[in-house]
Amino acid sequence: MIRALDAADWRRWREVRRRALAEAPEAFGSTLAGTEEREQAEGEEPFWRGYFRLPGAALIAERDGRTVGMVRLVLPEQPGGPAELVSMWVAPEERGRGTGRALLDACAEHLARSHPSTPLRLDVRTANTAAQALYRSCGYVDIGGNPEDESERRMLRPAARPS
């Protein structure tokens with residue numbers, strides 16, 4: 001089941017984000033140690049509530065009462081710009097069970113409802129070929145390297161067509 005979180009759910013986001021950073025440190029631009037430092041400096045609750053300030057959606061995947069995946073959809077700051085997917089992660093025991101696809105589909109559906117002519121962009125580590133394959137199967141195309149990080153590829157899913 002895919003569920004949207006809000007600022008009141010900051011503890012739940014903290015739990016899954018920390019697990020993701022510990023399990024797959026190479027997949028993210030931040031580290032668990034750096035996150036813990038920022039959390040301590042800013043205060044635990046204000047730091048984690050900060051994830052919900054940007055417009056968009058924070059989604060988690062649940063199975064049997066456990067959080068097994070997450071993704072953050074960030075709506076564009078400038079009109080005409082792409083929305084972005086960040087913080088995508090699926091627990092190792094959940095991979096290959098459709099959870100990643102369900103999270104991606106939920107983001108695309110949210111975007112189609114709120115910003116129907118907006119494309120969706122993401123950056124993925126070049127070495128993460130499994131994630132790249134998932135993204136391609138969900139309609140994303142590789143549009144080149146990330147100009148801000150040479151270890152990443154940039155992928156884009158075209159805007160949903162009006163029905």
Side-chain angles (χ1 to χ4, degrees), residues 1-79 81-116 118-125 128 130-131 134-135 137-140 148-149 152 155-157 159-160:
M1 177 172 91
I2 305 301
R3 186 163 77 87
L5 301 182
D6 62 28
D9 299 308
W10 68 268
R11 287 178 183 87
R12 191 82 182 264
W13 186 258
R14 176 192 64 193
E15 170 192 324
V16 68
R17 177 73 175 165
R18 283 182 171 180
R19 181 174 178 210
L21 289 169
E23 188 277 321
E26 71 288 346
F28 299 99
S30 56
T31 64
L32 182 56
T35 298
E36 289 171 342
E37 284 176 23
R38 287 188 57 209
E39 176 185 298
Q40 191 169 31
E42 296 176 31
E44 183 180 54
E45 186 173 344
F47 173 76
W48 290 104
R49 282 182 177 270
Y51 273 86
F52 300 93
R53 281 191 211 113
L54 294 172
L59 305 173
I60 60 168
E62 298 174 307
R63 186 178 303 276
D64 302 326
R66 297 175 305 114
T67 303
V68 296
M70 68 174 190
V71 68
R72 180 87 172 84
L73 170 66
V74 180
L75 296 176
E77 292 180 23
Q78 303 295 325
E84 290 188 75
L85 278 183
V86 297
S87 301
M88 175 74 175
W89 175 79
V90 174
E93 70 274 10
E94 195 65 18
R95 294 174 189 157
R97 299 181 72 183
T99 301
R101 180 177 301 280
L103 285 165
L104 293 170
D105 287 349
C107 286
E109 290 165 13
H110 180 87
L111 189 61
R113 283 191 309 273
S114 64
H115 292 75
T118 302
L120 192 49
R121 187 180 77 198
L122 61 84
D123 296 320
V124 59
R125 296 283 181 201
N128 194 344
L134 170 64
Y135 299 139
S137 75
C138 290
Y140 290 80
E148 298 167 11
D149 186 339
E152 294 180 337
M155 299 183 82
L156 187 75
R157 183 178 185 274

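Small disclaimer: the values here were computed from a predicted structure and weren't measured. Side chains included, hydrogens not; waters and symmetry mates left out as well; all remaining heavy atoms used.
The two residues Val71 and Trp13 come nearest to each other via the heavy atoms O-CH2, 3.7 Å. Contact between Glu152 and Asp123 at its shortest, heavy atoms only, is OE1-CB, 3.3 Å. Listed here is the closest heavy atom pair of Leu85 and Tyr140: CD1-OH, 3.2 Å. Here the closest heavy-atom approach between residue Ala22 and residue Leu32 is recorded as CB-CD2, 4.0 Å. Trp10 and Phe52 get closest at one heavy-atom pair: CA-CE1, 4.0 Å. When all heavy atoms of Thr99 and Ala61 are compared, the closest pair comes out as CG2-CB, 3.4 Å.
A salt bridge links Glu44 to Arg14: one of the charged nitrogens lies within less than 4.0 Å of a carboxylate oxygen. Salt bridge Glu23/Arg17: absent, no basic N to carboxylate O contact under 4.0 Å. The residues Glu94 and Arg63 are annotated as salt-bridged, a charged nitrogen and a carboxylate oxygen being separated by less than 4.0 angstrom.
Between the side chain of Arg125 and the main chain of Phe28, a donor-acceptor pair closer than 3.5 Å is present. No donor-acceptor pair closer than 3.5 Å links the side chain of Arg121 to the backbone N or O of Arg157. In this structure, Arg72 contributes its side chain and Ala57 its backbone to a donor-acceptor pair below 3.5 Å.
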### Task
Step by step, work out the salt bridge (Lys or Arg N to Asp or Glu O under 4.0 Å) result for Arg66 and Glu93.
CA-CA 12 Å; Arg66 297 175 305 114; Glu93 70 274 10; 3.3 Å; yes
### Task
Quick one: do Leu104 and Leu134 satisfy side chain to side chain contact (heavy atoms under 4.5 Å, CB included)? Show the steps, please.
CA-CA 9 Å; Leu104 293 170; Leu134 170 64; 3.8 Å; yes
### Message
If you apply the rule side chain to side chain contact (heavy atoms under 4.5 Å, CB included), what do you find for Val90 with Leu103, and how did you get there?
### Response
CA-CA 9 Å; Val90 174; Leu103 285 165; 4.2 Å; yes
### Task
May I have the step-by-step check of side chain to side chain contact (heavy atoms under 4.5 Å, CB included) for Leu75 and Leu111, ending in yes or no?
CA-CA 8 Å; Leu75 296 176; Leu111 189 61; 3.7 Å; yes
### Message
Assess the residue pair Leu5 and Ile60 against the criterion (side chain to side chain contact (heavy atoms under 4.5 Å, CB included)); give the C-alpha distance rounded to whole Å, side-chain angles, the decisive distance to 0.1 Å, and a yes or no.
### Response
CA-CA 7 Å; Leu5 301 182; Ile60 60 168; 3.6 Å; yes
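For Gln40, the CD atom counts as loosely surrounded, since its 6.0 Å shell holds 12 or fewer non-hydrogen atoms of other residues, nucleotides or ligands. The 12-atom threshold is exceeded at CD of Glu26, counting heavy atoms of other residues, nucleotides or ligands nearer than 6.0 Å. Crowding of Arg38 atom CZ: a count of heavy atoms from other residues, nucleotides or ligands under 6.0 Å not exceeding 12.
For the pair Glu39 and Trp48, the minimum side-chain heavy-atom distance is below 4.5 Å. Thr67 is listed as a side-chain neighbour of Arg12, based on a closest heavy-atom distance under 4.5 Å. The side-chain heavy atoms of Trp89 and Leu21, taken from C-beta on, include no pair separated by under 4.5 Å. Looking only at side-chain heavy atoms (C-beta outward), Pro76 and Thr118 come within less than 4.5 Å of each other. Looking only at side-chain heavy atoms (C-beta outward), Pro82 and Leu120 stay at 4.5 Å or farther from each other.
Using cut-offs of 30° and 60° for the angle between ring planes, the Tyr51 and Phe47 rings count as perpendicular.
Here Glu109 contributes atom CD and Leu73 contributes atom CG; the two are 12.0 Å apart, rounded to the nearest 0.5 Å. Taking CE of Met70 as the reference point, atom CD1 of Ile2 lies at 13.0 Å (rounded to 0.5 Å). Note that OG of Ser30 is 11.0 Å distant from CD of Glu36, once rounded to the nearest 0.5 Å.
For the residue pair Thr35 / Arg18, no side-chain donor-acceptor distance below 3.5 Å is found, with atom types taken as modelled.
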